[in-house]
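The structure appears right after this line, and notes come after that.
Bear in mind the structure is a predicted one, so any value in this text is a computation, not a measurement. Note on naming: letters A, B, ... go to the chains in the order of the sequence lines (proteins, then strands), and numbering restarts at 1 for each one.
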There are 2 protein chains.
Amino acid sequence: MPAPLMPREQVLQKLISEFRTRGYDATSLSNIATATGLGKSSLYHHFPGGKEQMAADVLEHLRQALRLNVFGPLRSVTPAPRRFDQLLQAIDTFYSGGKDACLLERLCASGQAAALRRPLRSTFNEMMGAFEEVALDAKLPVALARARAEDAVVRIEGALVVCAGLGEIGPFQRVMRSLKRDFLRSAPH
Amino acid sequence: MPAPLMPREQVLQKLISEFRTRGYDATSLSNIATATGLGKSSLYHHFPGGKEQMAADVLEHLRQALRLNVFGPLRSVTPAPRRFDQLLQAIDTFYSGGKDACLLERLCASGQAAALRRPLRSTFNEMMGAFEEVALDAKLPVALARARAEDAVVRIEGALVVCAGLGEIGPFQRVMRSLKRDFLRSAPH
DNA sequence: GTCTATAATAGGATAGAC
DNA sequence: GTCTATCCTATTATAGAC
């Protein structure tokens, strides 16, 4: 029983990276084998359900990572404006300033979208929930907080798509700046 | 030499429809054969370059369709506000009110993204250009017109992604309403 | 837990008749 | 311009040794 070449955590990271750059359907097991340095049989040891399960596990792992690294700052006792900056900073890092695509979007655009309906839905909801929570903490009225949270996620996802299409990171950076400036404003947007 | 079962225009429509719903990489030639009612060999007659060429041709065709049906209203002599409403209406129809995905986004998320770099880039630019043109016509300052145009496309693309993820059309509809209300406003957003 | 095979299938693509 | 039949390759997936 040889020792693991790579901890599961790291395998999942590689999977996410592959899916984000190539897209889910365009990523073959051979691609994954190369990226991880593992043979196909080893991959089936980790993911008995094959590629389909990789998608599901990777999505679940992403949710945990988001809770830990991105939505985490929200639970602290730091005042809302400071926490919001941390949230934006984490998101900026997460997407490499607009260079990397969103895994959720890649999975939505894949043949697995139907099978991943529920986890996709709740991950998007969690993401919007995180923004809404900070907005509420900053004393924004509930309706406004909810609307702004949805708009923030919409803009982030859209900026990543447009950046991917243009091959530029400008749109993402401008969205981030705009959010930083206006998201918590109590005045009309 | 049998008569064509389906005009090329219609074949391209079916292709677009397949790619939008299943994603490019998840759509097989068999899927396409079924959807069009054509055999694989017939498909290769129309697209000698195979699936790769289908993506390229479909993208080029979309550009034409956008110019004709979506950006078309811009060239008319109708006053800017009226033309903007027409633009939004065309976009709403084009995406079936948020139910259908964006082909551009699907192609960006596919294995063909690299090969389609240029046409993808210029189609996005054309899309933003259309918005910018109406904004300029409504006497918005150039910098503001450009910023709002980018933001409009970002929001539309993002809303479609979020709608796909949630399985709801609410976000898209709210983006459309928001654009209709604020896009041409000369005051600070 | 990883490997080297190998199976089984599906995918993209072509040939040639009509 | 379409069809049937076929080819080739890549892909997912499995078996079994270590």
Side-chain angles (χ1 to χ4, degrees), chain A residues 1-59 61 106-107 109-116, chain B residues 1-59 61 106-107 109-116:
Chain A
M1 209 183 266
L5 286 187
M6 191 181 269
R8 178 183 164 90
E9 154 73 23
Q10 206 174 332
V11 174
L12 286 167
Q13 287 298 342
K14 294 282 187 187
L15 279 180
I16 292 183
S17 168
E18 290 292 305
F19 291 160
R20 283 174 85 176
T21 56
R22 302 171 175 273
Y24 174 79
D25 294 305
T27 303
S28 70
L29 290 193
S30 308
N31 293 148
I32 297 170
T34 303
T36 57
L38 292 175
K40 295 183 183 179
S41 300
S42 302
L43 292 171
Y44 275 94
H45 172 77
H46 291 290
F47 309 95
K51 210 181 151 187
E52 210 160 320
Q53 192 188 340
M54 291 181 197
D57 286 9
V58 118
L59 179 50
H61 183 260
R106 291 317 206 214
L107 292 177
S110 83
Q112 289 302 304
L116 300 175
Chain B
M1 208 184 265
L5 285 186
M6 190 180 271
R8 178 183 164 90
E9 155 74 25
Q10 206 174 332
V11 173
L12 286 166
Q13 287 297 344
K14 293 283 186 186
L15 279 180
I16 291 183
S17 167
E18 289 293 302
F19 291 160
R20 283 175 85 176
T21 56
R22 318 170 85 104
Y24 173 80
D25 294 306
T27 303
S28 70
L29 289 193
S30 308
N31 293 147
I32 298 171
T34 303
T36 57
L38 293 174
K40 292 185 185 181
S41 300
S42 303
L43 292 171
Y44 274 93
H45 172 76
H46 291 290
F47 309 95
K51 208 181 156 187
E52 211 161 319
Q53 191 188 340
M54 291 182 196
D57 286 8
V58 119
L59 180 49
H61 183 261
R106 291 317 207 216
L107 292 178
S110 83
Q112 288 304 303
L116 300 175

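- Once rounded to the nearest 0.5 Å, the distance linking NZ of B:K51 with CG of B:L43 reads 12.0 Å.
- Using a 4.5 Å heavy-atom cutoff, the side chains of A:H46 and A:M54 are not in contact.
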Short heteroatom pairs, N/O only, protein and nucleotides 3-6 of chain C, under 3.5 Å:
residue: C:dC3; atom: OP2; partner: A:G39; partner atom: N; Å: 2.7
residue: C:dC3; atom: OP2; partner: A:S42; partner atom: OG; Å: 3.1
residue: C:dC3; atom: N4; partner: A:S41; partner atom: OG; Å: 3.0
residue: C:dT4; atom: O4; partner: A:S41; partner atom: OG; Å: 2.4

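- Nearest nucleotide to the A:S30 side chain, out of D:dA13, C:dG12, D:dT11: D:dT11.
- If you check every strand for non-hydrogen atoms under 4.0 Å, B:T36 touches nothing.
- Of the candidate nucleotides C:dT14, C:dT2, D:dT2, C:dT14 has the atom lying nearest to any side-chain atom of B:Y44.
- Following rounding to the nearest Å, B:F47 (CZ) and D:dG1 (P) show an atom-to-atom distance of 12 Å.
- The B:L29 side chain lies nearest to C:dG12 when the options are C:dG12, C:dT2, D:dT2.
- Atom-to-atom, NE2 of B:H46 to P of D:dG1 comes out at 7 Å; the value is rounded to the nearest Å.
- In this structure, B:Q112 atom CD and C:dG12 atom P are separated by 11 Å, rounded to whole Å.
- Between A:A26 and B:D25 the shortest heavy-atom distance is CB-OD2, 3.5 Å.
- Atom NZ in A:K51 sits about 13 Å away from atom C1' in C:dG11, given to the nearest Å.
- In A:E52, the CD atom is not crowded: 12 or fewer heavy atoms of neighbouring residues, nucleotides or ligands sit closer than 6.0 Å.
- We find that CG of A:D25 is positioned 14 Å from C1' of C:dA10, with the value rounded to whole Å.
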Checklist line | side-chain contact (heavy atoms from CB on, under 4.5 Å) assessment of A:F47 paired with A:Q53 | finding: CA-CA 6 Å; A:F47 309 95; A:Q53 192 188 340; 4.3 Å; yes
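- Contact between the side-chain N/O atoms of A:H45 and the OP1/OP2 oxygens of C:dT2 is not found at any separation under 4.0 Å.
- Under the side-chain contact (heavy atoms from CB on, under 4.5 Å) criterion, B:S30 pairs with B:S28, B:K40, sequence neighbours left out.
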